[in-house]
Amino acid sequence: MQTGGAPAYRIDYLGKPVVLESRLGLEPNLTGGFTLAAASTSERQGQWIHPLGERRVVQDCHRELNVDLQHASGALLRLTFRAYNEGAALRYAFPQQDARELVFTGERTEFRLPDDTFGYESHGTEGEYQRVGTGAIRPFCERPLTLEYACGVFASLSDAANHTSPRMLLSPLPGVPGALVSALGGNTSNTDRPNQRHDPIGSLKAGDSTPWRMLILGEKPGDLLERNSLMLNLNPPNALADTSWIRPGKVLRDVTLSTAGGLACVDFAVRHGLQYIHLDAGWYGPEASTPTAASVDRSRDLDLQRVLDYGASNGIGVILYVNRLALVNQIDTLAALYRGWGVKGIKFGFVNVGSQQDTLWLLEAIRRCAAHQLMVNVHDGYRATGCERTYPNLMTVEGIRGNEHMPTPEHNCTLPFTRYVAGIGDYTICYYSDRLKTTHAHQLAMAVVSFSPLQWLFWYDRPSQYNGEPEVEFFRRVPTVWDDTKVIHGEIGQYATIARRSGEDWFMGTINNSQARPLQIPLTFLTPGKAYTARIYFDDPTVQTRTQVGIKTQPVDARTVLDVPLLAGGGQ
């Protein structure tokens with residue numbers, strides 16, 4: 001507690017300060033004037049099974065401190081702190097014994113950082129990343145925010161378990177160079193004075209808690225991805241009694257929105273080991289119209305039920321896009337209708353994010369879809385905060401500059417250590433596009449690097465573009481959920497090697513930025529004493545296909561070190 005009864009905290013990692021003493025509170029009034037009422041500690045040593053994640057067995061071990069603070073006004077505020085091997089987290093709660101509703105205009109969770117700390121800043125739904133000193137970060141920076149400390153350690157600053165509250169972004173802390181402060185809601189107002197609000201932005205009822213404010217910590221960038229189960233651990237367990245209908249898999253978009261195109265996509269999916277096809281925006285006409293069979297744009301010659309039935313007869317599901325304008329007042333009606341048609345999932349389009357009302361609507365919509373056994377992909381500005389643990393029908397989300405933008409290889413090599421620390425991300429691989437800024441082997445590797453239980457492939461492509469390229473078999477074989485995940489190599493924006501295990505098989509993706517380099521990859525993660533066969537897909541300009549991907553096999557074991565010559569923008 002600081003002078004004047006202001007609560008404060010600090011975080012050290014490996015004996016080094018990563019958050020200096022920083023104040024806590026809720027605005028306008030609960031930022032000072034507190035006295036300590038009670039404190040208690042507890043500890044958990046456990047694990048749980050995540051069948052749709054980056055690792056199947058998730059360790060959940062932490063120590064917890066609850067601090068009850070009495071405010072001069074009579075209000076009681078609880079601060080909960082947790083320390084994990086993977087990092088630390090804190091949140092605010094309004095205990096049950098206080099029956100009043102707490103209305104707040106902002107949150108003052110400070111992050112005062114050591115000198116010479118850098119952050120990988122991005123803004124907006126599909127922003128690019130820039131490495132800047134934290135003193136140069138602009139208001140309403142996205143999270144997770146990856147931090148690079150002068151002492152050599154790394155952190156990912158984010159929120160977790162936001163089911164009912166305004167989202168948290170990060171803004172400069174006025175008057176403290178290099179420090180950041182929570183900025184709730186977004187950049188829809190008060191952009192010149194972030195966190196200085198006078199109107200209510202949120203409320204807590206008796207027994208409610210805010211989302212967690214979370215810091216994942218590591219000695220190298222890859223540790224952040226390997227330890228990102230911390231975000232899931234901060235969320236409640238699975239709330240769905242039956243999840244047998246939730247099936248991860250790979251998805252092909254029908255770019256024609258026609259009967260012939262849909263049938264061709266089903267045939268392609270069957271031949272190439274995909275599980276779903278997707279009809280995106282436009283299948284039902286204008287975005288603001290009601291998305292039913294009667295609204296299908298007949299000029300497209302789309303017999304939707306015929307496509308659905310043909311898919312079902314071949315074991316291929318269909319996922320439909322629906323704009324939020326239609327969902328907001330008709331979520332139950334549409335979900336029941338689509339389930340009756342045989343639809344397997346909905347992609348939410350143009351969702352609103354930021355306000356407490358936006359969060360409440362979105363999570364309720366996901367719950368309503370679960371009641372009708374529909375999987376969900378949320379697009380535009382939403383980034384999950386681990387709530388896919390609680391509602392596992394939330395299969396993927398956007399909130400990412402994906403491959404439809406044809407990003408640079410530097411951007412792709414930044415994602416594993418920034419955006420992907422938050423888990424599920426719909427990257428939308430575009431394999432045959434002539435606008436790619438990477439090699440095709442790089443694109444194959446992105447199916448491993450990018451984690452999405454529903455993984456969209458061939459985003460801009462048509463089945464007719466496939467000309468027998470043999471490496472496409474990799475997309476057939478690669479799973480979309482994993483039993484284990486390891487980061488073998490990684491420098492932010494430079495290169496990354498991610499290895500993921502499914503059963504006894506390992507899949508490994510290496511991607512490179514615009515500078516050609518040799519890389520050596522040790523296979524020490526393999527089971528010692530066991531012999532493996534590696535099937536390797538690599539850039540080979542001598543191959544006489546337009547994709548120029550070579551394939552070779554070789555025996556390997558845990559002692560093997562692969563020599564990997566990487567082209568500019570290349571991969572393996």
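Values below: all heavy atoms of this structure, side chains included; hydrogens, waters and symmetry mates excluded. Along the sequence shown, the residues carry numbers beginning at 1.
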Task: Asp254 side chain to Leu279 backbone, donor-acceptor under 3.5 Å - done: no

Open item on the list: Donor-acceptor check, side chain of Asn314 to backbone of Ile316, threshold 3.5 angstrom: yes or no?
Closed with: no

Open item on the list: Between Tyr321 and Asn377, do the side chains contain a donor N or O and an acceptor N or O under 3.5 Å apart?
Closed with: no

Task: Nearest heavy-atom neighbours spanning Leu334 and Ala326 - done: CD1-O, 3.7 Å

- [ ] Could you check if a side-chain atom of Glu107 sits within less than 4.5 angstrom of a side-chain atom of Arg213, using non-hydrogen atoms only?
- [x] yes

Task: Side-chain donor/acceptor of Ser289 to backbone N/O of Pro286, under 3.5 Å - done: yes

Open item on the list: Using side-chain heavy atoms (C-beta onward) and a distance below 4.5 Å, is Pro211 in contact with Met168?
Closed with: no

Task: Centroid separation Tyr466 to His272 less than 6.0 Å - done: yes

Open item on the list: Strictly distance-based, threshold 3.5 Å: is any side-chain N or O of Gln356 a donor or acceptor partner for the main-chain N or O of Ser203?
Closed with: yes

TODO: Look at atom CZ of Arg131 and say whether more than 12 heavy atoms of other residues, nucleotides or ligands are closer to it than 6.0 Å.
DONE: yes

Open item on the list: Just so I know, are the side chains of Leu308 and Val343 near enough to count as touching, which here means a heavy-atom distance under 4.5 Å?
Closed with: yes

Task: Distance, nearest 0.5 Å, that separates OG of Ser452 from OH of Tyr420 - done: 8.0 Å

Task: Test item: side-chain donor near acceptor, Asn412 and Tyr427, under 3.5 Å - done: yes

- [ ] Quick one: closest heavy-atom pair of Pro237 and Arg389, and the distance?
- [x] CA-NE, 3.7 Å

Open item on the list: Has Glu398 got a side-chain atom pairing as donor or acceptor with Asp380's backbone, closer than 3.5 angstrom?
Closed with: yes

Open item on the list: Using the rule ring-ring contact (aromatic ring centres under 6.0 Å, His included), only one of Tyr432, Phe507, Phe458, Trp456 pairs with Phe475; which is it?
Closed with: Phe458

Open item on the list: Let me confirm one number: the CD-CG distance from Glu142 to Leu169, rounded to the nearest 0.5 Å.
Closed with: 5.5 Å

Task: Pair Asp332, His372: side-chain N/O donor-acceptor within cut-off below 3.5 Å - done: yes

Task: Side-chain (His123) to main-chain (Phe140) donor-acceptor, under 3.5 angstrom - done: yes

Open item on the list: Please check: side-chain N/O of Gln275 versus main-chain N/O of Gly273, any donor-acceptor pairing under 3.5 Å?
Closed with: yes

Task: side chain to side chain contact (heavy atoms under 4.5 Å, CB included) between Ser158 and Val421, intermediate numbers included - done: CA-CA 9 Å; Ser158 192; Val421 180; over 6 Å; no

Task: Euclidean distance, Ile366 CD1 relative to Thr390 OG1, rounded to 0.5 Å - done: 10.5 Å

Open item on the list: Nearest 0.5 Å, please: how far is CG in Asn29 from CZ in Phe104?
Closed with: 13.5 Å

TODO: Mark yes or no for whether Thr259, through its side chain, and Asp301, through its backbone, hold a donor-acceptor pair below 3.5 Å.
DONE: yes

TODO: Taking atom CZ of Arg462 as the centre, report whether more than 12 heavy atoms of other residues, nucleotides or ligands fall under 6.0 Å from it.
DONE: no

- [ ] Flag the pair Leu415 / Tyr129 as yes when at least one side-chain heavy-atom distance between them is below 4.5 Å, and no otherwise.
- [x] yes

TODO: Taking all heavy atoms of Trp341 and all of Gln305, pick out the closest pair and write down the distance.
DONE: O-NE2, 3.3 Å

- [ ] Could you tell me whether the side chains of Thr547 and Tyr431 share a donor-acceptor contact shorter than 3.5 Å?
- [x] no

Task: Any donor-acceptor N or O pair under 3.5 Å, side chains Thr428, Glu404 - done: yes

Task: Residue Lys344 excluded, over 12 heavy atoms near NZ under 6.0 Å - done: no

Open item on the list: Would the distance check show the side chain of Thr290 and the main-chain N or O of Thr292 forming a donor-acceptor pair, the cut-off being under 3.5 Å?
Closed with: no

- [ ] Carefully, step by step, assess Phe474 and Val448 under the rule side chain to side chain contact (heavy atoms under 4.5 Å, CB included).
- [x] CA-CA 10 Å; Phe474 184 76; Val448 179; 3.7 Å; yes

Open item on the list: I'd like to know if the side chain of Asn403 pairs up with that of Gln443 as donor and acceptor (distance under 3.5 Å, no hydrogens or angles considered).
Closed with: yes

TODO: In plain terms, say whether Asp159 and Arg167 are close enough for a salt bridge, that is, a side-chain N and a carboxylate O under 4.0 Å apart.
DONE: no

TODO: Would you check if Thr109 and Thr210 make a side-chain contact, meaning some heavy-atom pair closer than 4.5 Å?
DONE: no

Open item on the list: Taking the side chain as everything from C-beta on, heavy atoms only, tell me whether Met395 gets closer than 4.5 Å to Ile424.
Closed with: no

- [ ] Would you mind reporting whether Trp48 and Leu232 have side-chain heavy atoms less than 4.5 Å apart?
- [x] yes

Task: Considering all heavy atoms, the nearest Leu240-Ile246 contact - done: CD1-CD1, 4.3 Å

TODO: Starting from the C-alpha separation in whole Å, work towards a yes-or-no answer on side chain to side chain contact (heavy atoms under 4.5 Å, CB included) for Tyr338 and Val322.
DONE: CA-CA 11 Å; Tyr338 296 159; Val322 181; 3.7 Å; yes

- [ ] Ignoring hydrogens and angles, tell me if any N or O in the side chain of Asn393 forms a donor-acceptor pair with the backbone of Leu374 under 3.5 Å.
- [x] yes

Open item on the list: Distance check, rounded to the nearest 0.5 Å: Ile137 atom CD1 versus Leu180 atom CG?
Closed with: 5.0 Å

TODO: Would you sort out whether Leu234 and Leu230 count as a side chain to side chain contact (heavy atoms under 4.5 Å, CB included), showing the intermediate values?
DONE: CA-CA 6 Å; Leu234 293 166; Leu230 174 57; 4.3 Å; yes

- [ ] Check whether any side-chain heavy atom of Met406 lies under 4.5 Å from a side-chain heavy atom of Leu436, and answer yes or no.
- [x] yes

Open item on the list: Which heavy atom of Pro392 sits nearest to which heavy atom of Asn238, and what is that distance?
Closed with: CD-OD1, 3.3 Å

Task: Between CG on residue Leu274 and SG on residue Cys265, distance to nearest 0.5 Å - done: 9.5 Å

TODO: For Ser229 and Val58, work out which heavy atoms get closest and say how close.
DONE: CB-CG1, 3.7 Å

